[in-house]
Amino acid sequence: MNRFEEAKECYARFGVDAEEALNSLKEIPISIHCWQGDDVGGFDTDAALSGGIQATGNYPGKATTPAELMADIDQAFALIPGKKKLNLHASYAIFEGEQVERDALTPAHFEKWVEFAKARGMGLDFNPTFFSHPMVKNDLTLSSPDEEVRGFWVRHGQCCLRIAEYFAKETGVPCVINFWIPDGYKEIPADRLGPRARFKKSMDEILSVPYDKEKVFVTLESKVFGIGLESYTVGSAEFTLSYAGYKGITPLMDNGHYHPTEMVSDKISSLLLFHENLALHITRPVRWDSDHVVLFDDETREIAKEIVRNDALNRVFLSTDYFDASVNRISAWVTGVRSVQKALLFALLQPHAMMKELQEQQDFTALMVLGEELKTAPFGDIWEEYLKRQYIPEDYLAPIWDYEKEVLSKR
Ligand code: RNT
Ligand code: ZN
């Protein structure tokens, strides 16, 4: 018997079918963010990264052109098993001729990306880019009191909505378009209501553009603070949840966007009770919203468990959001996405019905023992089998070092 067969038997003793887990895992799409490849740089501006987010480090070999980024994405995706989508930001528009402003973007500026996605049989997700741009005035976009600024960003949101619909139609895969604005104040504001009222009005104006609700899913991401925006953010948790409920759009939770002891894993069940869908940005905050590479850690596993045991895999849009410039960027992509997938597999290998039953019976002794036993069950052998079945090498460092030597180091 090989190691997989033995591991399968071991899980069977827990009442878990490992084959079923592997079959489920390969169908779960992960929307992989394009911005790990160039530290959230984009192609439409030389402006420094703004909006209270930061990529630290200067590991060599960053992608600086669409061709380089596409090549890096191919290299990373070749080392990631399972179903993938590519998640783009508006700042990654590709201009062949004249560059247009962000409030005049059209599907034509994303044709190359659509071609790229179609050739690889994958869908595209999208994000309007409300940062790293001269029209962000005093750290405000959609909540700005300056009508010229607010109008510009409303038009940006509207044209992005049209682009999202174009992505869905062209690829045949629904497109998730996520709205996140950095707007906020460093110091204690005198008016908290005004900016939020303007944000609401702006979102209403953006969503007044007709779009196909079967093909385009609009999500709204909250945040508790940003660098230089410590005292107040317009798009707080309460704002975005309430707005999502009021408009029937989808809330998005980024697990770096809460107070450090607040866990997204604990929030998922509540949202599932009140929303048709839910979207996640999976990241790893270290003391702040640092966007470290996702690891196979407790909270990532707990998030995965909440989705799996509540039978919500087809209601939750999973995407990654981190940007580490201090390590090889391809390895960052692969390590982070594989960690999410490992967490999902770990969750799929738990006897959830039995564990819920133990909780109902108040048998917390058996529940604790079982949970701990499962941590040291032969999970690695099941994961290895998954990679084998997906024709993905388990050792991904060797091809990454080759690529670094052949391609990245020559940039
Ligand atoms: C920022 C948000 C947002 C961005 C991306 C680039 O704190 O998490 O999702 O990271 O849009
Ligand atoms: Zn995010």
Side-chain angles (χ1 to χ4, degrees), residues 30-42 47-59 61-63 69 72-73 76 80 86-92 125 127-132 139 176 178-184 219-230 233 235 237 240 252-265 267 279-304 317-341 343:
I30 311 284
S31 181
I32 304 173
H33 60 309
C34 75
W35 52 91
Q36 167 57 54
D38 71 339
D39 317 336
V40 212
L49 180 58
S50 79
I53 51 180
Q54 221 169 67
T56 57
N58 57 354
Y59 200 88
K62 169 171 102 171
L69 187 62
D72 292 358
I73 290 170
I80 298 170
L86 177 62
N87 197 5
L88 295 173
H89 243 286
S91 53
Y92 290 79
D125 288 334
N127 304 259
T129 311
F130 297 100
F131 51 83
S132 305
D139 300 317
V176 175
N178 178 49
F179 285 78
W180 170 72
I181 59 164
D183 299 31
T219 67
L220 188 60
E221 178 179 9
S222 68
K223 189 162 179 174
V224 65
F225 88 100
I227 295 180
L229 307 160
E230 287 85 358
T233 53
T240 56
L252 185 145
M253 297 188 299
D254 176 311
N255 61 301
H257 290 191
Y258 299 85
H259 285 286
T261 58
E262 247 184 280
M263 294 294 144
V264 161
S265 54
K267 300 175 186 296
L280 297 179
H281 269 184
I282 305 179
T283 186
R284 181 165 54 103
V286 179
R287 306 198 186 279
W288 65 289
D289 181 35
S290 59
D291 289 292
H292 279 61
V293 177
V294 176
L295 300 179
F296 182 51
D297 59 14
D298 284 348
E299 174 59 359
T300 311
R301 283 199 293 264
E302 206 56 31
I303 287 173
F317 304 120
L318 295 169
S319 51
T320 47
D321 179 19
Y322 52 83
F323 24 97
D324 190 340
S326 75
V327 292
N328 178 298
R329 293 173 184 78
I330 315 279
S331 83
W333 253 321
V334 181
T335 302
V337 180
R338 282 192 184 206
S339 298
V340 173
Q341 294 170 328

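These numbers come from the heavy atoms of this one structure, side chains and all, not from hydrogens, waters or symmetry mates.
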What's the spacing between [X] [atom1] and [Y] [atom2] if we round to 0.5 Å?
X    : Y    : atom1 : atom2 : value
N255 : T300 : CG    : OG1   : 6.5 Å
H281 : E221 : NE2   : CD    : 5.0 Å
T283 : H33  : OG1   : NE2   : 7.5 Å
S326 : H292 : OG    : NE2   : 7.0 Å
T233 : D139 : OG1   : CG    : 12.0 Å
H257 : S222 : NE2   : OG    : 7.5 Å

State, with a plain yes or no, whether a side-chain heavy atom of [X] is found less than 4.5 Å away from one of [Y].
X    : Y    : result
Q36  : T320 : no
D324 : D291 : no
W288 : I227 : yes
F317 : D125 : no

**Asked** Is it the case that N87 and S319 place a side-chain donor and acceptor less than 3.5 Å from each other?
**Response** no

**Request:** Check H89 against P128 and note the closest heavy-atom contact, atom names and distance.
**Result:** CE1-O, 3.3 Å

**Prompt:** Is R284 reaching over with its side chain to a backbone N or O of Y322, donor-acceptor style, under 3.5 angstrom?
**Reply:** no

**Message:** Treating N127 as the side-chain partner and L88 as the backbone partner, does any N or O pair qualify as donor plus acceptor under 3.5 Å?
**Reply:** yes

**Prompt:** Are the aromatic ring centres of F131 and W180 under 6.0 angstrom apart?
**Reply:** yes

**Request:** Output, in order, the C-alpha distance, side-chain angles, deciding distance and verdict of side-chain contact (heavy atoms from CB on, under 4.5 Å) for T129 and Y92.
**Result:** CA-CA 9 Å; T129 311; Y92 290 79; 6.0 Å; no

**Prompt:** Thinking salt bridges, do D289 and K223 make one under a 4.0 Å N-O criterion?
**Reply:** yes

**Message:** Closer than 4.0 angstrom, basic N to acidic O: yes or no for R329 and D39?
**Reply:** yes

